[in-house]
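Written out below as structure tokens is the structure these notes cover.
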Amino acid sequence: MRRLVLFDVAGTLLGVREGVGAQYAALARRFGVAAEPNLIDRLFPAAFRAAPPMVFPGVPPDAVPDRERAVWEGIVRRIFAEAGLVPDFGEARFAAYFGALYAHFATAAAWAVHLDVLPLLGTLRARGVRAGIVTNFDSRIEPLLAEVGLDSWFEAVTRSSAVGAAKPDPAIFRHALARHGVEAAEALHVGDSPTEDVAGAAAAGLLGVLVDRAGRHPDPPGGVRVASLAEVTRLL
């Protein structure tokens, strides 16, 4: 019997409304820059993968949000530089654009809760199974979860920039297990990344569950693939 289910957030619980490219481009138009949404969508994955992890050893906690923001500014700048659009902004307007974009993605307007989320959370609660978050998202995640109405479902948020380890490092999963007071064999972790979520969880001794709603991935080594969060109930 599993006592705890841990969840990733972006891509697992929440999806970006209309896609990243559509939202980046819509906001760019407000700053007088015409960006192609499909191009942004193509450039985003590589820029995101190239960014450093949200881990800042030795940085005082009150300085961490500025470091997180700088990581995201680097991602967005790289995307628009590769699209050839940074000169269209100029430095002052790009800074204003990024500030508006960063604030926007901290709100419910940017995100949609996947339809299979609340039914599973309700089932877990009815069965007495606890729930928590393990995420590489930045410190905007706690207020964002509250804004989309999910915060009350989770005992705790274990965030990479707060604990000093980022998925797939097994240390972040071990930190979450200790925080919840649960052994690895009593927990599973659900996420949308075969590497960060499934392999990372497996390295810490948890069952990793890959939620693959679009059917893009093969069955992950050392884990289980599901097409919907509804299937998680059979793994409890």
Side-chain angles (χ1 to χ4, degrees), residues 7-56 65-91 93-114 117 133-141 143-145 147-148 159-161 166-168 190-200 210-217 220:
F7 292 90
D8 170 57
V9 180
T12 301
L13 303 177
L14 304 179
V16 178
R17 294 185 188 274
E18 299 179 350
V20 169
Q23 295 204 46
Y24 277 41
L27 190 56
R29 286 194 295 272
R30 288 171 42 191
F31 286 81
V33 174
E36 171 54 49
N38 291 336
L39 177 59
I40 294 173
D41 280 333
R42 290 198 298 272
L43 294 173
F44 181 87
F48 184 77
R49 287 193 300 269
M54 290 288 180
V55 177
F56 311 101
D66 286 342
R67 295 294 188 94
E68 295 171 336
R69 193 179 191 279
V71 170
W72 273 108
E73 184 170 6
I75 293 170
V76 176
R77 181 177 289 276
R78 176 170 176 160
I79 291 167
F80 281 91
E82 292 188 3
L85 294 174
V86 170
D88 292 3
F89 282 100
E91 282 304 313
R93 267 197 304 163
F94 181 81
Y97 167 73
F98 173 72
L101 188 71
Y102 195 71
H104 172 67
F105 275 90
T107 71
W111 302 92
V113 179
H114 285 296
V117 171
I133 297 288
V134 176
T135 181
N136 290 347
F137 209 105
D138 53 74
S139 55
R140 294 173 294 173
I141 192 61
L144 176 59
L145 287 170
E147 187 163 334
V148 299
R159 171 170 44 86
S160 61
S161 60
K167 297 181 296 182
V190 184
D192 68 320
S193 169
T195 301
E196 291 186 356
D197 295 306
V198 177
L210 178 69
V211 58
D212 184 17
R213 297 180 179 93
R216 295 191 303 246
H217 301 288

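Along the sequence shown, residues carry numbers from 1.
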Got a donor-acceptor contact below 3.5 angstrom from the [X] side chain to the [Y] backbone?
X	Y	result
R93	D88	yes
R78	A51	no
R17	W111	yes
E147	A108	yes
E18	Q23	no
S161	V55	no
T12	D192	yes

Interatomic distance, [X] atom [atom1] to [Y] atom [atom2] [nearest 0.5 angstrom]:
X	Y	atom1	atom2	result
E73	L101	CD	CG	10.5 Å
D138	R67	CG	CZ	14.5 Å
L85	Y97	CG	OH	9.5 Å

Check the pair M54, F137 against side-chain contact (heavy atoms from CB on, under 4.5 Å), reporting the backbone distance first and the verdict last. CA-CA 8 Å; M54 290 288 180; F137 209 105; over 6 Å; no

So, do [X] and [Y] sit near enough that their side-chain heavy atoms are less than 4.5 Å apart?
X	Y	value
F7	V117	no
P52	V71	yes
I133	L13	yes
V190	D197	no
I40	F80	yes
F44	I79	yes

With a 4.0 Å cut-off on N to O distance, would you call D8 and K167 a salt bridge?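 Salt bridge: yes.
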
Do the charged groups of R159 and E68 touch, with an N to O distance under 4.0 Å?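 So R159 pairs with E68 through a salt bridge.
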
Kindly give the heavy-atom pair with the smallest separation between [X] and [Y], and that separation in Å.
X	Y	result
V16	V20	CG1-N, 3.8 Å
P45	D41	CD-O, 3.1 Å
L39	A83	CD2-CB, 3.7 Å
R69	G99	NH2-CA, 3.2 Å
P53	A166	CB-CB, 4.0 Å

Under 6.0 Å between ring centres, would you say that holds for F31 and F94?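 Centroid distance F31-F94: not below 6.0 Å, so no.
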
Would you please indicate if the ring centroids of F105 and Y24 are separated by under 6.0 Å?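 Yes; Y24 has its ring centre under 6.0 Å from that of F105.
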
Any chance you could lay out the salt bridge (Lys or Arg N to Asp or Glu O under 4.0 Å) test for R77 and E91, step after step, and finish with the verdict? CA-CA 10 Å; R77 181 177 289 276; E91 282 304 313; 3.0 Å; yes

Could you go through L144 and L14, starting from their C-alpha distance and side-chain angles, then the distance that decides it, and tell me whether this counts as side-chain contact (heavy atoms from CB on, under 4.5 Å)? CA-CA 10 Å; L144 176 59; L14 304 179; 4.0 Å; yes

Pick out which of L210, V211, V198 makes a side-chain contact (heavy atoms from CB on, under 4.5 Å) with H217.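 The residue from L210, V211, V198 that satisfies side-chain contact (heavy atoms from CB on, under 4.5 Å) with H217 turns out to be L210.
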
Worked verdict on R213 versus H114 for side-chain contact (heavy atoms from CB on, under 4.5 Å): CA-CA 10 Å; R213 297 180 179 93; H114 285 296; 3.4 Å; yes

Test side-chain contact (heavy atoms from CB on, under 4.5 Å) on F89 and F98; report intermediate values, then the result. CA-CA 11 Å; F89 282 100; F98 173 72; over 6 Å; no

